[in-house]
Amino acid sequence: MTEYQLPKAYDFKSTEPRVYEMWEKGGYFRPSNDPLKPGFDPSVRPFVISIPPPNITGELHVGHVLFVSLEDLMVRYHRMKGIPSLWVPGTDHAGISTQIKVEKMLEAEGTSREQVGREEFLKRTWAWKEKYGGIISTQIRRIGASCDWERERFTLDDGLSRAVREAFVHLYEKGLIYRGPRLINWSPALKTAVSDLEVEYSEEQATLYYFKYMLKGSDEFIPVATIRPETILGDTAVAIHPEDERYQKFIGKTAIVPMLGREIPIIADDYVSREFGTGALKITPGHDPNDYEIAQRHKLPILSMLDANVKVTEVGGPYAGLDRYECREKLWADMKAAALVIKEEPYLTTIPRSERGHEIIEPMISTQWFVKIQPLAEAAIQAVRDGRIRIIPERFEKVYYNWLENIKDWCISRQLWWGHRIPVWYCDDCGRQTCARTDPLLCAHCGGKNIHQDPDVLDTWFSSGLWPFSTLGWPEGTPDLKYFYPTTIMETGYDILFFWVARMIMMGLEFTGDIPFRVVYLHGLIRGDEGRKMSKSYGTAIDPLTIMDELGTDALRFTLLVGSTPGNDQTTPGYKKIEANRNFVNKIWNVGRFVVSAIGSVTTDDGRRMTGDRRRTTDEWTLADSWIWARLQQLVRDVERLFQTYQYGEAGRQIYDFFWSDFADWYVEAAKLQLQKEETKTQTASTLVRVLDISLRLLHPFIPFVTEELWSHLRNAVGQNSILSSLGAEWPEALIIAPWPEPRPEEGWEAEKVTTFQQMQEIVRAIRNLRAEKNVKPDRRIPATFVLAREGNQALHDVLAGDRKVIASLAGLDDAKITLVDSLPSKPEGHVTLVVGSVEIHLPLSGLVDAEAEKARLGKELAETEAQIARLEKLLASDFANKAPAPVVQKERERLAMFRETMEKLKSQL
RNA sequence: GGGCGCAUAGCUCAGUUGGUUAGAGCGCUUCUCUUACACAGAAGAGGUCAGGGGUUCGAGUCCCUUUGCGCCCACCA
């Protein structure tokens with residue numbers, strides 16, 4: 001029989017790519033029940049996730065690693081459960097950020113997008129996409145993502161473009177898309193409109209400017225305050241509160257716009273606050289959302305005093321052509337000279353800034369395309385309200401409702417070139433619009449040939465909103481769409497609940513008539529040290545690629561998964577933390593090495609038969625076997641419960657604790673001794689194999705690489721061993737498709753054996769503790785006398801009377817010199833005495849025993865025990881005894897009895 | 001202005017139907033290269049679970065409140 005050998009340290013560097021290739025080539029990422037393959041069974045319900053498509057411009061950051069790990073965990077878990085599982089991968093064309101990249105590239109070449117023209121620009125952008133657009137996908141593979149790459153999609157590929165076109169035309173024909181001049185958020189840097197969601201508000205120090213609005217033909221004036229004096233040029237009214245006695249007399253009169261001399265009315269509106277500023281408000285409907293609404297109410301004219309380049313238009317008269325801030329300065333200076341200025345004061349206010357370029361957003365009137373969103377929003381609210389869609393954690397439902405209930409029409413047109421072009425053509429002859437599924441050659445209304453397409457493209461989120469079904473073939477009724485839709489879980493960060501999740505729900509319901517997914521799982525964000533959003537500029541970002549190079553993918557995955565609680569943020573893990581999990585990975589590897597060598601040591605059949613179920617009958621199990629098996633069964637149940645409630649982090653921690661603290665620290669140590677004895681050898685090796693096998697299965701969704709690699713070694717080693725090979729008889733060829741562990745509570749252990757092992761652990765700990773305290777050299781084997789009444793302690797008594805090799809080895813005792821007696825007439829001289837529950841342990845530590853110190857130590861222990869007894873007596877005498885559930889009370893009673901026994905023993909030693 | 005989250009050991013954090021001596025990793029102290037692992041093993045120190053009040057036989061856990069930090073939403077110039 002060949003001895004199976006494993007390298008001393010786990011080499012993740014060579015393993016990871018090899019294992020990933022094995023998975024992918026093996027076809028394991030494809031759903032086990034596939035409508036495109038023979039033998040398809042439509043009645044089996046699949047598990048489906050569509051990946052939140054990363055931007056093609058994206059560079060891998062920890063956020064990616066977190067979401068990919070979470071989704072991979074979910075998919076691997078369901079796959080192992082035997083459920084046909086599909087994870088659809090893909091990327092997003094990322095209109096704005098891709099366009100910026102290519103523009104920068106052109107700029108470096110000394111040209112610009114305007115110079116090369118639209119067609120050439122798009123050609124260049126596609127070329128850029130071909131070259132760099134796949135990088136993020138490659139990086140995602142590296143994390144171990146078990147996506148079905150044969151179904152990979154791109155938001156701008158043909159199929160998805162068709163979906164976008166269909167969606168637009170559908171809404172257009174239904175009257176839910178309209179075009180018109182509205183006040184929108186203008187991004188001066190990008191020179192495009194952006195949606196409300198793409199505007200961020202930041203609190204900043206600004207100046208509040210007070211000035212005089214002179215009344216026509218009078219020396220009287222109304223004092224007005226503004227933060228943006230340049231917008232005076234676009235004023236079309238001055239508003240005051242209708243009941244403000246200070247200004248009442250001015251209502252209906254005319255005011256004169258400073259420096260321009262334009263005449264505007266003085267109006268009354270409830271919106272104006274009497275307390276704030278001067279109590280009078282200048283109205284600039286062309287550049288302020290509130291003013292715009294007031295203007296609507298009062299039918300005021302709307303002036304655009306800034307153009308697309310945020311330069312003053314002809315409305316600004318002498319200021320035309322100036323930049324908005326140059327104008328502010330110059331106008332204010334001129335007003336000062338004209339004695340129209342009252343004062344300036346510092347003022348803290350919220351400034352709208354672009355989410356992307358961070359420049360100040362300019363509200364402007366512009367002709368754009370909008371989606372009339374309210375009808376869609378109502379359906380989306382209903383879907384969550386009636387439970388068809390569940391949001392995890394639940395508290396985000398409130399946030400979701402709140403947003404949808406107050407939603408405003410969605411501006412979907414962008415003045416960019418990279419994206420889905422708006423499928424509307426304007427006729428130069430009749431002036432009407434043609435919106436069509438296929439590019440028209442003639443005007444649908446007059447048949448004229450002089451038509452031209454709208455130059456704008458759609459908001460990237462418009463195509464993302466279709467993602468769960470467009471990736472499955474919609475609008476075609478493909479087999480994929482029929483089988484895999486609706487998808488199961490939408491896993492993403494809560495920061496895009498509005499941007500993306502809500503829109504997918506709205507669009508899914510509208511276009512497919514069904515929900516796009518059943519569950520929304522929102523993970524927390526990874527933040528920098530001070531709780532801020534993570535960003536490289538704060539210097540808190542770790543580079544996942546470097547980390548994976550240095551510590552391995554599994555270590556990083558495990559760290560992030562274990563640190564993740566639904567909806568709660570986590571701080572960027574430090575190097576140390578990932579290192580600790582690298583150590584865990586190494587631990588697993590080394591336990592694997594031990595188990596593999598243990599298998600190799602089973603070379604002769606001990607003559608005992610396995611049961612029909614290929615397992616030893618349980619009466620041959622040692623205490624340790626029963627104990628570890630019981631712990632493992634508990635773990636399997638707990639992990640299942642935690643997975644069902646999406647508590648993946650807690651599940652990971654529990655497996656970690658079991659594997660390290662129970663399996664490695666105790667069972668493996670006990671196994672070393674058990675393997676030396678013929679009677680227990682085969683049984684021990686078999687337990688090692690079974691516990692490792694199940695542990696690896698439980699760990700696989702968290703750390704797929706080591707587990708897969710180690711499992712294949714385990715499988716080989718078991719397979720090559722004629723005595724143990726039946727253990728692996730039903731194992732598949734790879735861990736990735738090995739069945740998920742089911743609890744088997746009925747087999748292999750009795751509660752008594754488990755508690756007895758735990759008593760043994762306590763004894764071992766007590767002795768180790770004493771050795772450390774007394775500075776007993778680790779290699780010094782010491783004799784021991786155990787005193788334990790047989791009556792009432794049969795199980796423990798049997799252990800101490802039987803084979804003592806395990807306990808001797810673990811506690812550093814001399815197993816040839818261990819004696820067990822039912823009672824001892826008197827305390828032996830020169831011994832140190834320990835009392836553990838009902839066991840008395842006497843250790844002859846000549847030369848180390850100081851009678852006085854011993855007395856003090858025992859006295860202290862007695863005092864502690866008595867304190868516990870007092871506490872429990874008080875507790876059991878209280879209402880607790882008759883109000884708490886019986887098992888809880890019983891537990892405390894037993895504890896009290898144990899302490900009393902210990903107290904007696906201690907007293908007799910003093 | 002509304003809504004939400006967080007506050008537990010020196011540091012980073014677990015602790016989800018309330019069960020009675022609160023856990024981990026890192027760091028720290030002492031010992032050990034014991035034939036899976038020094039990326040390790042053994043032992044140990046370290047917490048009035050932010051403050052206050054309440055419900056309960058019992059509260060880190062549920063309710064109210066105060067304070068501090070953070071996030072989201074919102075049209076006060």
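From a predicted model like this one, the values you see are computed outputs, not experimental measurements. Here is the naming used below: chain letters follow the sequence lines, and residue numbers restart at 1 for every chain. Just the heavy atoms: all of them, side chains too, but no hydrogens, waters or symmetry mates, feed the values below.
- With rounding to whole Å, A:Lys408 atom NZ is found 13 Å from B:rC73 atom P.
- The phosphate of B:rU34 (OP1 or OP2) has no side-chain N or O of A:Ser809 nearer than 4.0 angstrom.
- Taken together, the paired segments of RNA chain B that extend over three or more consecutive Watson-Crick or G-U pairs, each closer than 3.5 Å at both contacts, are B:1-7 with B:67-73, B:10-13 with B:23-26, B:28-32 with B:40-44, B:50-54 with B:62-66.
- Using a 4.0 Å heavy-atom cutoff across all strands shown, A:Val272 reaches at least one base atom of the nucleic acid.
- The shortest distance between side-chain heavy atoms of A:Arg228 and A:Arg328 falls below 4.5 Å.
- Annotation: B:rC57 and B:rC72 have their C1' atoms spaced 42 Å apart (nearest Å).
- A:Glu773 comes within 4.0 angstrom of nothing in the nucleic acid, heavy atoms only.
- Within the nucleic acid shown, A:Pro778 comes within 4.0 Å of sugar-phosphate atoms alone, with no base atom in reach, counting heavy atoms only.
- Looking at heavy-atom distances under 4.0 Å, A:Phe12 makes no contact with the nucleic acid at all.
- Heavy-atom contacts from other residues, nucleotides or ligands closer than 6.0 Å to CZ of A:Arg246 number more than 12.
- Judged as a salt bridge (charged side-chain N to carboxylate O under 4.0 Å, His left out), the pairs with a partner in residues 549-559 of chain A (not counting sequence neighbours) are, in order, A:Asp72-A:Arg557, A:Arg142-A:Asp549.
- Note on residues 272-284 of chain A: pairs passing salt bridge (charged side-chain N to carboxylate O under 4.0 Å, His left out), not counting sequence neighbours, are A:Asp235-A:Lys282.
- Atom NZ in A:Lys681 sits 4.5 Å away from atom OG in A:Ser601 (nearest 0.5 Å).
- No contact: A:Trp666 has no heavy atom under 4.0 Å from any strand.
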Measure all distances between protein nitrogen or oxygen atoms and nitrogen or oxygen atoms of nucleotides 1-11 of chain B, and list the pairs falling under 3.5 Å.
unit_1: B:rC4; atom_1: OP1; unit_2: A:Lys398; atom_2: NZ; d: 2.8

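- Residue-level contact check: A:Tyr292 touches neither bases nor backbone, having no heavy atom under 4.0 Å from any strand.
- Within 4.0 Å of A:Asp665, counting heavy atoms only, lie sugar-phosphate atoms of the nucleic acid but no base atom.
- If you check every strand for non-hydrogen atoms under 4.0 Å, A:Thr284 touches nothing.
- The interatomic distance linking A:Ile227 (CD1) with B:rA77 (C1') rounds to 7 Å, in whole Å.
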Got a list of side-chain donor-acceptor pairs under 3.5 Å for residues 879-895 of chain A, not counting sequence neighbours?
unit_1: A:Gln890; atom_1: NE2; unit_2: A:Glu894; atom_2: OE2; d: 3.2

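- Residue-level contact check: A:Ala664 touches the bases, meaning some heavy atom is under 4.0 Å from a base atom.
- Distance, A:Arg182 CZ to B:rC75 P: 18 Å, rounded to whole Å.
- Going from the P atom of B:rU12 to that of B:rA59 covers 29 Å, rounded to whole Å.
- Between B:rG1 and B:rG53, the distance separating the two C1' atoms is 28 Å to the nearest Å.
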* Could you go through the ring pair (Phe, Tyr, Trp, His ring centres under 6.0 Å) check for A:Phe663 and A:Phe659 one step at a time? => CA-CA 5 Å; A:Phe663 189 40; A:Phe659 195 90; 5.5 Å; yes
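- Rounded to whole Å, the separation between the C1' atoms of B:rU30 and B:rC69 comes to 39 Å.
- Under the rule for a side-chain contact (heavy atoms from CB on, under 4.5 Å), the partners of A:Arg768 that lie at least two apart in sequence or sit in another chain are A:Trp666, A:Val764, A:Leu810.
- Using a 4.0 Å heavy-atom distance criterion, A:Gly552 is classed as making no nucleic acid contact.
- With rounding to whole Å, A:Asn581 atom CG is found 13 Å from B:rC13 atom C1'.
- Aromatic ring centroids of A:Phe584 and A:Tyr656 lie under 6.0 Å apart.
- Taking 3.5 Å as the limit, the base of B:rA36 and the side chain of A:Lys8 contain no donor-acceptor pair of atoms between them.
- Residues satisfying the side-chain contact (heavy atoms from CB on, under 4.5 Å) criterion with A:Glu762, sequence neighbours excluded, are A:Val836.
- Atoms NZ (A:Lys891) and C1' (B:rG19) sit 7 Å apart, rounded to a whole Å.
- Aromatic pair A:Tyr213/A:Phe211: centroids less than 6.0 angstrom apart.
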Dump the pairs, protein N or O against N or O of nucleotides 55-59 of chain B, anything under 3.5 Å, distances to one decimal.
unit_1: B:rC57; atom_1: OP1; unit_2: A:Lys883; atom_2: NZ; d: 2.5

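- Proximity of residues 201-209 of chain A to RNA chain B (heavy atom under 4.0 angstrom from any strand atom) is not detected for any residue.
- Residue A:Glu275 is out of contact with every strand shown, counting any heavy-atom pair closer than 4.0 Å.
- Summarising the geometry, the separation between CZ on A:Arg781 and P on B:rU34 is reported as 12 Å, rounded to the nearest angstrom.
- Scanning atom types as modelled, one donor and one acceptor separated by under 3.5 angstrom connect the side chain of A:Tyr271 and the base of B:rC75.
- Taking the P atoms as reference points, B:rG52 lies 15 Å from B:rU8, given to the whole Å.
- Rounded to a whole Å, the NE2 atom of A:His523 is 17 Å from the P atom of B:rC71.
- Within the nucleic acid shown, A:Arg871 comes within 4.0 Å of at least one base atom, counting heavy atoms only.
- Among residues two or more places apart in sequence or in another chain, the side-chain contact (heavy atoms from CB on, under 4.5 Å) test is passed with A:Glu579 by A:Leu551, A:Tyr575, A:Lys576, A:Arg582.
- You'll find a donor-acceptor pair under 3.5 Å spanning the side chain of A:Glu669 and the base of B:rA36, going by distance alone.
- Taking the P atom of each, B:rC63 and B:rU56 are spaced 16 Å apart, rounded to whole Å.
- In this model, the phosphate group of B:rC37 is not approached by any side-chain N or O of A:Tyr10 to a distance below 4.0 Å at OP1 or OP2.
- The phosphate of B:rC13 (OP1 or OP2) has a side-chain N or O of A:Thr571 nearer than 4.0 angstrom.
- Annotation: side-chain contact (heavy atoms from CB on, under 4.5 Å) contacts of A:Lys408 (sequence neighbours excluded): A:Asp196.
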Using the 3.5 Å cut-off, write out each protein N or O paired with an N or O of nucleotides 25-27 of chain B and the distance between them.
none

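- Nucleic acid contact for A:Ser273: base, since at least one base atom lies under 4.0 Å from a heavy atom of the residue.
- B:rC75 atom P lies 11 Å from atom CG of A:Asp288, rounded to whole Å.
- Between the CG atom of A:Leu281 and the CG atom of A:Asn290 there is a distance of 8.0 Å, given to the nearest 0.5 Å.
- Nucleic acid contact for A:Val668: base, since at least one base atom lies under 4.0 Å from a heavy atom of the residue.
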